[in-house]
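Structure first, commentary second.
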Number of protein chains: 2
Amino acid sequence: MNYSVSEENYIKAIYNLNGNKQPVSTNALAETLDTKPASVTDMLKKLKAKKLIVYQPYQGCRLSAEGVKVALNIVRRHRLWEYFLAEKLKFEWNEVHAVAEELEHVSSPKLIERLDEYLGFPRFDPHGDPIPDHEGKMQTLKQVKLTQLPLHTPAKVSGLTDQSTDMLELLRHRRISIGTAVEINRKFGFDHSVEIKIQDNPLFIISEQAAQHILVHHE
Amino acid sequence: MNYSVSEENYIKAIYNLNGNKQPVSTNALAETLDTKPASVTDMLKKLKAKKLIVYQPYQGCRLSAEGVKVALNIVRRHRLWEYFLAEKLKFEWNEVHAVAEELEHVSSPKLIERLDEYLGFPRFDPHGDPIPDHEGKMQTLKQVKLTQLPLHTPAKVSGLTDQSTDMLELLRHRRISIGTAVEINRKFGFDHSVEIKIQDNPLFIISEQAAQHILVHHE
DNA sequence: ATTTATTTTTAGACAAACCTAAAAAATAAT
DNA sequence: ATTATTTTTTAGGTTTGTCTAAAAATAAAT
């Protein structure tokens, strides 16, 4: 029921390499975990013995049903901490990942449930990735670039494809952050800039260059 | 500059056993760390090699100047997380320690500075122990039982000697928590109950039994 | 269909942190 | 001042997770 930091990192890596759907190769894992293929083989045997993965030598590995459950729990912890760091501690969107890598291994279930509650049960992390709930379920809304959002369609900012300092500064200035409700009021054909409405505040215009890098979720 | 979880636990244990002042015995360490004396000896050699402790075989060990610095940093992390858990996530005062034991090993300095700021630079944890600042300095106020607080002396609730459910419920009802400003307005000789003023709110009375278990700090 | 190249696994080692059992030093008791 | 007791250290092993180098299996290329 309780796994080591290493085991958790392998499970998470397999999950992130889509190992709940397709088999993941030993080399791919070694690559993402920054370790050697021989070490990966050792761990795969261990995870197989614990029934967290399905693994036949030379055939790659996939997560078992139980493995997926464990993976979703790790992902949940990771993304909740990312949300906390960005939203409460005002970390930049590009800084949260590294710190969350450490925090995600703190295993108290009560801590995570309370944190979730404290944060107001957020459904997306600062990168726009969905946060699994305590049962492992997560929302799968369409994520599109702001430039592609239809007119007058309520949406929520869910991520960025450019996290440069300049971009972050622009968003801070416009008071746009993760979860901000936006709606496009008008599109200008000339330069493809868009006029947006934020929550119930004043309208304003965003250039195509910027809008291209803002991801939003809508129904 | 960066230490393993085990190393940190040893350093913290030595600090908690007053190892910044008097030598700490191998057995005492084995006891508090729930390990065997032989394992302690191994680690003491390692910590000595890293100049974190002063250690001569058979003579016990003490923290070096550098060791004290490291210890204060761990204690800072621990107590800040305890404060966070109690204040923000509404953990009971007796639940925070175990979870903070895990969180304290997350080593990002920026995380801790931001957390400190987010919490409003608290100076005492939920047990009434002082939280070292980023330089390792901490406040050393007199801690006395509420029954012993002189009349009309502003003080702050800093801890409890009884953390039973009943006690916690009583305090919640009276809206008393860590850091609450209190002042004794009147003492009743008959039953030794005390009339207290909380912040600028209405006066009310607390029995001697309860007041005995409430610790407060004052100048 | 072989040969060549790539991927993966085995075999044997190593460091960290722990253990048990036995030896050595320090302390207490006669 | 010896002897007995307690404390601490050494010696040798175990587990977890890593490594290198060599062997085996799979995939690609002629």
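The chains referred to below are lettered A, B, ... by the order of the sequence lines, with proteins before strands, and numbering in each begins at 1.
For B/L168 against B/E92, the heavy-atom pair with the smallest separation is CD1-OE1, 3.4 Å.
Checked against side-chain hydrogen bond (donor to acceptor under 3.5 Å, both in side chains), B/K50 has the following partners two or more places apart in sequence or in another chain: B/E7. Partners of B/E113 according to the side-chain hydrogen bond (donor to acceptor under 3.5 Å, both in side chains) rule, which considers only residues two or more places apart in sequence or in another chain, are B/R76. With sequence neighbours left out, B/K90 forms a side-chain hydrogen bond (donor to acceptor under 3.5 Å, both in side chains) with no residue at all. A/F124 is linked by a ring pair (Phe, Tyr, Trp, His ring centres under 6.0 Å) to A/H217, counting only residues two or more places apart in sequence or in another chain. Under the rule for a side-chain hydrogen bond (donor to acceptor under 3.5 Å, both in side chains), the partners of B/T161 that lie at least two apart in sequence or sit in another chain are B/H213.
Within residues 49-60 of chain B, the residues approaching DNA chain D are B/Y55, B/P57, B/Y58, by heavy-atom distance under 4.0 Å.
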Name the atoms and distances for all side-chain donor-acceptor pairs under 3.5 Å in residues 55-63 of chain B, with sequence neighbours left out.
{"unit_1": "B/Q56", "atom_1": "OE1", "unit_2": "B/K48", "atom_2": "NZ", "d": "3.0"}

Enumerate donor-acceptor pairs with a distance under 3.5 Å from any side-chain N or O in residues 98-105 of chain A to protein atoms, sequence neighbours excluded.
{"unit_1": "A/E101", "atom_1": "OE1", "unit_2": "A/K12", "atom_2": "NZ", "d": "3.4"}
{"unit_1": "A/E101", "atom_1": "OE2", "unit_2": "A/K12", "atom_2": "NZ", "d": "2.6"}
{"unit_1": "A/E101", "atom_1": "OE2", "unit_2": "A/H97", "atom_2": "NE2", "d": "3.3"}
{"unit_1": "A/E102", "atom_1": "OE1", "unit_2": "B/S107", "atom_2": "N", "d": "3.3"}
{"unit_1": "A/E104", "atom_1": "OE1", "unit_2": "A/H78", "atom_2": "ND1", "d": "2.7"}
{"unit_1": "A/E104", "atom_1": "OE2", "unit_2": "A/K12", "atom_2": "NZ", "d": "2.8"}
{"unit_1": "A/H105", "atom_1": "ND1", "unit_2": "A/E8", "atom_2": "OE1", "d": "2.7"}
{"unit_1": "A/H105", "atom_1": "NE2", "unit_2": "A/N9", "atom_2": "OD1", "d": "3.1"}
{"unit_1": "A/H105", "atom_1": "NE2", "unit_2": "A/E101", "atom_2": "O", "d": "3.3"}

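OP1 or OP2 of D/dC19 sits under 4.0 Å from a side-chain N or O of A/S39. Between D/dT7 and B/S25, no contact under 4.0 Å exists linking OP1 or OP2 to a side-chain N or O. Distances shorter than 4.0 Å separate none of the side-chain N or O atoms of B/K45 from OP1 or OP2 on D/dT9. Between C/dT9 and A/T41, a contact under 4.0 Å exists linking OP1 or OP2 to a side-chain N or O.
Atom-to-atom, OH of B/Y3 to C1' of C/dA15 comes out at 19 Å; the value is rounded to the nearest Å. As a whole-Å value, the separation of B/E31 CD from D/dT6 C1' is 15 Å. If you take CE of A/M43 and P of C/dT8, they are 18 Å apart, rounded to a whole angstrom. For the pair A/K36 NZ and C/dT9 P, the computed distance is 16 Å after rounding to whole Å. Protein atom CG of A/L44 is 11 Å distant from nucleotide atom P of C/dT10, rounded to whole Å. Atom CD in A/E7 sits about 10 Å away from atom P in D/dT18, given to the nearest Å.
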Could you run down the sub-3.5 Å N/O contacts of the protein with nucleotides 1-6 of chain C?
none

Every protein N/O within reach of nucleotides 11-16 of chain D N/O, cut-off under 3.5 Å:
none

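Pairs engaging residues 121-132 of chain B under the salt bridge (Lys or Arg N to Asp or Glu O under 4.0 Å) rule: B/R79-B/D125 [sequence neighbours left out]. Pairs passing the ring pair (Phe, Tyr, Trp, His ring centres under 6.0 Å) check and including a residue from residues 2-52 of chain B, sequence neighbours excluded, do not occur.
Residue A/K156 qualifies as open at atom NZ: its count of foreign heavy atoms under 6.0 Å is 12 or below.
Here the nucleotide nearest the side chain of B/T35, chosen from C/dC19, C/dT8, D/dT9, is C/dC19.
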